[in-house]
There are 2 protein chains.
Amino acid sequence: MTASEVQRGSSRSASAYPPRIAQGLAQGRALRPNGKIVPGDARGHNLSLVLQTLYRSGTQSRADIARVTGLTRVTVSALVTELMADGLVVELGQREDVRPGKPATLIDLNRAGFQIVGLDLSEHAVFRGAVLDLDGNILARAEVALEHRVGEAALALVIDLTRRLVSASTAPLLGIGVGSPGVVDLGGVVLTAPNLGWVDVALQQTLADEFGVGVIVANDANAAVLAEHSFGDADSDAMLVKVGHGVGAGLLLGGTPLFGSRFAAGEIGHVVVGTDGGATCVCGKVGCLETWLSIPNLTAKLAGSEPADRDAVLVEAGQRLGIALAPVVGALNLSEIILSGPTGLLDGVLAQATVETLRSRTMAEFHGFLTLRMTALGQDIVLRGAAVMVLSDSLGVS
Amino acid sequence: MTASEVQRGSSRSASAYPPRIAQGLAQGRALRPNGKIVPGDARGHNLSLVLQTLYRSGTQSRADIARVTGLTRVTVSALVTELMADGLVVELGQREDVRPGKPATLIDLNRAGFQIVGLDLSEHAVFRGAVLDLDGNILARAEVALEHRVGEAALALVIDLTRRLVSASTAPLLGIGVGSPGVVDLGGVVLTAPNLGWVDVALQQTLADEFGVGVIVANDANAAVLAEHSFGDADSDAMLVKVGHGVGAGLLLGGTPLFGSRFAAGEIGHVVVGTDGGATCVCGKVGCLETWLSIPNLTAKLAGSEPADRDAVLVEAGQRLGIALAPVVGALNLSEIILSGPTGLLDGVLAQATVETLRSRTMAEFHGFLTLRMTALGQDIVLRGAAVMVLSDSLGVS
DNA sequence: CTTTGTTTGTTCGTAAGCTTTACTAACAAA
DNA sequence: TTTGTTAGTAAAGCTTACGAACAAACAAAG
């Protein structure tokens with residue numbers, strides 16, 4: 001078990017950093033239970049602010065950060081000193097410009113110093129995972145076939161996959177992020193995931209215990225919309241509709257994900273669409289969105305229809321999606337909807353039908369602002385979203 | 001113009017307090033633009049925290065507040081001293097209990113020391129307003145008939161009404177809150193309000209200039225849902241559907257109102273419902289929610305039908321509301337929907353039809369958690385919501 | 001009646017954080 | 001060489017919250 005030892009060692013050395021950091025910085029974002037603020041909270045927030053500035057704008061000088069953040073150069077210097085001591089920030093030598101004055105010392109996130117493990121459990125037949133750098137680039141991949149395993153067996157598969165990825169990492173881990181199907185609470189407990197046969201599985205805690213690193217588990221569509229926000233073009237208010245074996249959505253409102261009163265926000269697959277019947281769904285209702293739009297149902301319909309009718313099937317599916325989304329778009333005043341799933345099916349007439357339906361069923365004033373497009377992140381959207389969750393949690397970067 | 005002078009004097013003396021306070025406390029809630037936190041921000045937050053504790057739990061001692069907030073008695077004493085110097089908190093003598101130890105000195109918000117002016121511009125034929133105390137009790141009322149005035153004339157009416165209410169106040173004003181129909185941005189500019197013929201009316205700024213007090217203007221349904229949260233039983237995730245001349249909604253997610261990317265969140269009146277046609281709406285589309293549910297349309301249908309068919313009309317309206325809300329309930333995982341409007345029409349078979357439709361069109365797991373009820377705040381819901389906005393803005397109380 | 005213990009609220013000294021002010025280093029331009 | 005600008009650091013000061021200690025007030029036990 002040499003691999004196991006290496007991995008153990010790796011995770012231990014990684015855990016030397018994150019606990020302290022994660023604690024120190026998380027305070028800046030989430031208020032403590034009673035809501036009071038102590039000086040240390042302010043410092044945590046400002047540390048996170050410096051990291052965010054570096055993360056978003058890249059290499060720059062302390063003075064640059066001071067100008068952007070409004071903090072003084074003195075304070076920024078102190079914060080940077082602390083972050084360098086923690087290994088999160090590194091100096092990169094002097095700026096090359098020809099300008100008057102003392103040359104700036106460039107600093108940046110220690111982008112090579114940490115890596116992230118991301119997992120995507122949302123696909124039907126495989127668990128996929130990757131090692132990513134802090135910029136969300138994928139450095140290594142791994143996957144494991146599910147072969148209809150459920151419950152404990154599926155959980156063991158997740159742990160195995162994670163172990164392989166942790167071993168494959170070549171720098172201390174900042175954390176592990178997981179996008180899981182189903183309903184996931186804020187503590188990373190998978191409350192229900194029918195396809196995996198999971199009920200109340202404390203996935204986050206299990207992985208944290210196993211690997212000794214910070215772990216974040218969230219719904220796959222929520223992870224995806226975060227990825228689209230960080231790496232795609234999504235602004236702070238967006239809805240990502242993920243079409244696959246089922247249909248789910250992730251909502252971003254004001255830059256923060258929406259979870260819902262029972263952590264089931266975005267579960268629109270089993271909302272009945274329209275008032276003219278439809279097919280009977282596995283859930284027992286008639287005319288659920290999934291009966292029109294899920295990939296199995298859609299491919300079945302396409303297989304059973306003449307090639308000439310292919311477009312009609314896709315248009316109908318797109319219209320149904322538009323009908324279901326119209327009240328949501330109106331109620332939330334959404335301006336951006338993103339589709340994730342098989343491009344061959346979704347992009348084109350289906351998406352076109354969706355946006356036309358949406359525009360014909362909502363208020364004229366908002367049509368101009370409503371955009372609908374495919375994600376540009378492709379298959380890796382959940383993996384990269386999982387990385388965003390880790391970055392957000394342990395660095396306060398968003 | 002003696003009344004005018006009195007009102008002027010009143011608003012001036014009121015403005016001696018709020019500016020400083022509002023500034024000091026608002027910082028605790030809204031981050032400054034660049035996002036940094038300085039020690040003063042933390043203090044503002046903690047001052048607000050003490051006020052919130054007093055507001056929610058009423059009269060208590062400094063030591064009680066220390067226990068609840070987690071701050072030390074020392075710190076609480078300092079904060080209370082500052083709040084007393086500002087006139088926001090008063091001592092009420094010693095606690096009467098028979099207990100060992102030094103008797104506690106009771107303190108409370110200076111509930112009699114400030115008043116609030118609230119305005120409701122959302123009714124069809126009248127502008128209504130009131131003077132309220134800090135607990136949301138209505139101390140005085142005033143209203144003015146609209147008589148189809150629009151544009152500048154309607155704005156003048158608002159100013160007149162406000163002037164009368166300011167004169168009627170018997171304590172310094174904490175601020176003025178306004179619930180306006182239409183789309184209102186975060187700066188209190190009414191972007192569009194068709195019924196009033198308003199486009200880009202800077203109502204908040206206008207009133208602030210006129211009366212020299214803090215003013216908050218927001219959409220009427222947003223104000224209503226805040227009232228329901230503070231004075232009714234609504235929890236932190238709720239949707240309030242306001243049925244009147246039009247149909248609008250206010251959304252509360254995680255305790256904060258949702259505004260939407262173009263400040264038009266909740267505008268569901270002109271979302272098309274169902275896939276089986278319907279009446280043509282004034283907006284040009286066919287089957288908008290308002291064609292079924294707005295009070296004018298509903299009463300017209302009731303008048304044109306046999307008394308025996310009355311229930312059928314109401315059931316149909318309720319079902320249409322349910323059809324429109326189902327995707328929203330699913331996407332946001334809402335657990336609470338509140339109806340506001342004429343009880344005689346909405347309560348009963350209509351509401352029953354809505355909730356049944358909702359349950360039959362969304363996922364089974366969430367049925368048990370979904371409640372739908374009428375507001376208990378009646379006609380004054382917007383006025384009281386306007387008061388909540390002022391409290392929230394100037395004291396940080398929510 | 002005295003003593004003991006509890007609770008409240010204040011005073012004093014300390015630690016932490018950010019700012020202002022002042023300084024040195026480094027370099028361009030005149 | 002002089003002047004002016006920019007970067008980064010150092011020292012001092014102000015604000016904020018905390019812990020320790022203490023006085024006041026009172027109940028309950030002895």
Side-chain angles (χ1 to χ4, degrees), chain A residues 23-25 27-28 31-32 34-50 59-85 89 91-108, chain B residues 23-25 27-28 31-32 34-50 59-85 89-107:
Chain A
Q23 236 184 350
L25 299 185
Q27 292 174 356
L31 247 45
R32 43 187 77 201
N34 38 26
K36 70 172 175 175
I37 290 189
V38 296
D41 296 327
R43 183 153 188 99
H45 180 96
N46 288 337
L47 281 167
S48 171
L49 183 61
V50 169
T59 300
Q60 55 198 303
S61 72
R62 294 169 176 81
D64 293 331
I65 296 174
R67 276 186 289 267
V68 171
T69 60
L71 294 162
T72 62
R73 292 200 306 272
V74 179
T75 303
V76 171
S77 279
L79 295 170
V80 167
T81 301
E82 181 169 341
L83 292 171
M84 288 201 303
V89 166
E91 286 193 341
L92 298 176
Q94 292 190 346
R95 179 178 273 153
E96 301 281 324
D97 310 31
V98 182
R99 292 192 311 175
K102 176 179 174 180
T105 310
L106 294 173
I107 60 177
D108 195 1
Chain B
Q23 234 184 351
L25 300 185
Q27 291 174 356
L31 246 47
R32 41 188 77 199
N34 38 28
K36 71 172 174 175
I37 290 189
V38 296
D41 296 327
R43 183 153 187 98
H45 180 95
N46 288 336
L47 281 168
S48 172
L49 183 60
V50 169
T59 301
Q60 56 197 303
S61 72
R62 292 168 176 84
D64 293 332
I65 296 174
R67 275 185 290 267
V68 171
T69 59
L71 295 161
T72 61
R73 293 200 306 270
V74 179
T75 303
V76 170
S77 279
L79 295 170
V80 167
T81 301
E82 181 169 341
L83 292 171
M84 288 201 303
V89 165
V90 289
E91 284 193 343
L92 298 177
Q94 291 190 345
R95 179 177 274 153
E96 300 283 324
D97 314 31
V98 182
R99 294 192 310 176
K102 177 178 173 180
T105 310
L106 293 173
I107 59 177

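Lettering of chains follows the sequences in order, A, B, ..., and the numbering in each one begins at 1. These numbers come from a predicted model, not from an experiment. Values below: all heavy atoms of this structure, side chains included; hydrogens, waters and symmetry mates excluded.
- Distance check: A:Ile37 CD1 to B:Leu49 CG gives 9.0 Å after rounding to the nearest 0.5 Å.
- Of the inter-residue distances, the one linking B:Leu71 atom CG with B:Leu79 atom CG reads 6.5 Å to the nearest 0.5 angstrom.
- Put simply, NE2 on A:His45 is 17 Å from C1' on C:dA16, counting in whole angstrom units.
- Remark: P of C:dT19 and CD1 of B:Ile37 are 12 Å apart, rounded to the nearest angstrom.
- Look at NZ on B:Lys36: it is 10 Å from P on C:dC18, rounded to the nearest Å.
- Taking CD1 from B:Ile65 and CD from B:Gln60, the interatomic distance works out to 4.5 Å, rounded to the nearest 0.5 Å.
- Here the C1' atom of nucleotide C:dC18 and the CG atom of B:Asp41 are 11 Å apart, to the nearest Å.
- Rounded to whole angstrom, the span from the CD1 atom of A:Ile107 across to the C1' atom of D:dA7 amounts to 12 Å.
- Of the residues near DNA chain C, A:Gln94 and A:Pro39, the one whose nearest nucleotide (by heavy atom distance) lies more toward the 5' end is A:Pro39.
- Among the nucleotides C:dT8, D:dG4, C:dT19, the one closest to any side-chain atom of A:Pro100 is D:dG4.
- Which of C:dT19, D:dT6, C:dT8 sits closest to the side chain of B:Asp64 comes down to C:dT8.
- Taking atom CG on A:Leu79 and atom C1' on D:dT9, their separation rounds to 15 Å, with Å as the unit.
- With hydrogens and angles disregarded, a donor-acceptor distance shorter than 3.5 Å links the side chain of A:Thr81 to the backbone of A:Ser77.
- An OP1 or OP2 oxygen of C:dT8 is reached within less than 4.0 angstrom by a side-chain nitrogen or oxygen of B:Arg67.
- Contacts of B:Val76 with the nucleic acid, taken as non-hydrogen atoms under 4.0 Å apart, are absent.
- Nucleotide D:dT6 holds its P atom 17 Å from the CG atom of A:Leu106, rounded to whole Å.
- Summarising the geometry, atom OG1 belonging to B:Thr69 is positioned 7.5 Å from atom CG belonging to B:Asn46; distances are rounded to the nearest 0.5 Å.
- For B:Arg62 and D:dC18, the CZ to P distance is 17 Å, given to the nearest whole Å.
- With hydrogens and angles ignored, a donor-acceptor pair closer than 3.5 Å exists between the side chain of B:Arg73 and the base of C:dG9.
- For C:dC18, one of the phosphate oxygens OP1 or OP2 lies less than 4.0 angstrom from a side-chain nitrogen or oxygen of A:Asn46.
- Counting only heavy atoms from C-beta on, B:Ala104 has its side chain closest to C:dT8 among C:dT19, D:dG8, C:dT8.
- Side-chain nitrogen and oxygen atoms of A:Lys102 include none within less than 4.0 Å of the OP1 or OP2 phosphate oxygen of D:dG4.
- In this structure, A:Arg43 does not reach the C:dA16 phosphate: none of its side-chain N or O atoms is under 4.0 Å from OP1 or OP2.
- The shortest non-hydrogen separation linking A:Ser61 to A:Arg95 is N-NH2, 4.1 Å.
- For C:dG9, the OP1/OP2 oxygens have no side-chain nitrogen or oxygen of B:Ser77 closer than 4.0 Å.
- Of the candidate nucleotides C:dT19, D:dG8, D:dC18, C:dT19 has the atom nearest to the side chain of B:Val38.
- Put simply, A:Thr72 has no side-chain N or O that comes within less than 4.0 Å of OP1 or OP2 on C:dT20.
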